[in-house]
Amino acid sequence: MRKVAITVVAVLAVEAAVAAAWIYSGFYPIAATQQHLPITYAVIETAYNRSIARYAASVGEPPDLAQPGLLPEGLRHYQDHCAQCHGAPGVAPAPFSLGMTPVPPPIVGIARHRTPAQIFWVIKHGVKMSGMLGWELKLEDAEIWAIVALVTRMPTMTPIAYQEMVRSFGVPPPEAACPTVAAAARSADAVPAAGECL
Amino acid sequence: MLLAGLATLPLAGCDDTGGQAGPPMVVAGGNPERGREAIRQLGCGSCHVIPGISGANSTVGPPLRAVARQAYIGGVVPNLPENLVRWIRDPQAVQPQTAMPDVGATEREARDIAAYLYTLRGGRGLL
Amino acid sequence: MASLLPLALLGLLGCEEGAGSGLPVGGGIGDPARGRLALGQYGCIACHQVPGMTGPEAHVGPSLHDVARRRYVAGVLPNTPENMLSWILRPQEIAPRTAMPDMGVKEQHARDIVAYLYTRS
């Protein structure tokens with residue numbers, strides 16, 4: 001019995017040493033231009049999904065997301081803070097966000113598989129090692145719920161309906177919404193200033 | 001070792017929300033079983049891969065493996081029950097340029113087909 | 001993996017034979033290895049499932065797993081490498097109402113993407 005215990009401990013110690021050596025050697029490919037192994041991705045994605053499901057359970061009941069005024073406010077925040085990385089229906093994210101690993105998910109379909117409480121929780125608290133910041137100290141809860149109101153509406157919008165909503169609410173488009181910016185990004189030397197349509 | 005152990009955990013997809021999310025994907029008056037039959041009758045499988053329909057393995061049109069989770073129909077309108085029914089009945093009314101033919105589905109057939117397609121949720125299997 | 005290699009070779013062969021094989025092929029239009037990099041760096045995998053690439057199980061755009069065997073690009077144009085190239089560069093010119101955004105892909109990168117898609121699927 002003691003022998004078994006010693007063997008187990010020894011094996012674990014060797015494994016830990018090999019793992020530590022691997023990490024310390026610097027061979028782990030940290031480059032964002034290199035893909036995760038499918039197994040690594042699956043493990044992280046599972047942890048991510050499970051964690052959101054668990055911690056979002058503590059978010060209280062959402063306010064009435066259909067109340068008037070919430071959508072324009074949410075759209076304003078979304079265009080200011082979110083569309084640059086996540087795009088919008090028919091709108092590409094800003095060029096700087098393309099190529100992040102993990103890639104910021106498109107928000108158009110998020111509300112098909114996440115509850116309002118989960119979307120609220122992710123916006124408020126962010127996601128480690130993903131580039132997704134927590135907005136807890138930057139936006140009030142009510143403002144985050146306004147964004148949630150918009151995000152839950154997105155799965156029902158055509159790209160044209162989204163553009164019309166942006167126009168009708170008088171919200172300035174994010175830089176990526178300028179069609180000329182995407183075209184300009186194609187030529188390396190003509191990079192427009194942030195927030196400007198050429 | 002540790003990784004292998006973790007990998008055997010159920011690889012819960014994004015669907016694992018523990019709550020209600022998204023627009024209701026229910027087709028009013030649609031019957032998935034009748035839909036399966038209508039799909040055979042109208043020959044949808046001669047252009048699409050459709051799980052559960054024998055012989056439906058053509059790649060002319062896009063595969064219909066995860067219709068319930070698609071964001072858009074025909075690449076242009078949001079995937080909502082009434083949009084899908086309209087698309088099946090009259091694709092050109094939704095996207096005039098589409099190569100998808102009007103196969104002459106009746107309203108009831110379109111509803112049944114849409115109901116069947118919404119049972120298809122994809123999933124990538126174990127890696 | 002091993003089963004994909006002969007397919008990829010087939011694709012390259014088919015290109016030299018020219019039209020008539022029925023399958024559009026991508027070899028020659030660009031560099032598939034660079035295309036794989038571009039598919040990641042332009043965020044294509046955020047919306048599309050791409051063969052041989054790790055990413056979310058995305059359903060915003062169609063899966064690109066058998067894109068070489070599809071008859072149409074975006075449901076509207078015959079599926080040829082040239083049409084796929086135009087689509088990636090200027091989707092709204094081909095289908096004005098499409099939800100696919102213009103991602104600002106440089107032409108060489110788009111060529112590489114096409115090469116990857118037609119050799120890997």
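Order of the sequence lines sets the chain letters (A, B, ...), proteins ahead of strands, with each chain counted from 1. Only heavy atoms go into these numbers, but all of them, side chains included; no hydrogens, no water, no symmetry mates. This structure is a prediction, so every number in the text was calculated from the model and none was measured.
- With a 4.5 angstrom heavy-atom cutoff, B:P91 does not touch chain C via any of its atoms.
- Of the options C:R69, C:R71, C:R70, a side-chain contact (heavy atoms from CB on, under 4.5 Å) to B:V60 is made by C:R71 and by none of the others.
- Scanning for side chain to side chain contact (heavy atoms under 4.5 Å, CB included) contacts around B:R36 gives B:E33, B:R40, B:I53, B:Y116, with sequence neighbours left out.
- Counting only heavy atoms from C-beta outward, the side chains of B:P63 and C:H65 never approach each other to under 4.5 Å.
- Counting heavy atoms of neighbouring residues, nucleotides and ligands inside a 6.0 Å radius, atom CZ of C:R36 exceeds 12 of them.
- Chosen from C:D66, C:I94, C:V76, the residue pairing most often with chain B at heavy-atom distances under 4.5 Å is C:V76.
- Both the backbone and the side chain of C:T98 come within contact range of chain B, with heavy atoms under 4.5 Å apart.
- Annotation: B:R34, atom CZ; neighbour count of heavy atoms from other residues, nucleotides and ligands within 6.0 Å is above 12.
- No side-chain donor-acceptor contact under 3.5 Å links B:Q97 to the backbone of C:L77.
- For the pair B:R69 (side chain) and C:E57 (backbone), a donor-acceptor distance under 3.5 Å is absent.
- With a 4.5 angstrom heavy-atom cutoff, C:A74 does not touch chain B via any of its atoms.
- Of all non-hydrogen atoms in C:R97 and B:V76, the two that sit nearest each other are O-CG1, 3.3 Å.
- Heavy-atom distances place the backbone of B:V94, and not its side chain, under 4.5 Å from chain C.
- In terms of non-hydrogen atom pairs under 4.5 Å with chain C, the most contact-rich of B:V77, B:V49, B:T98, B:N79 is B:T98.
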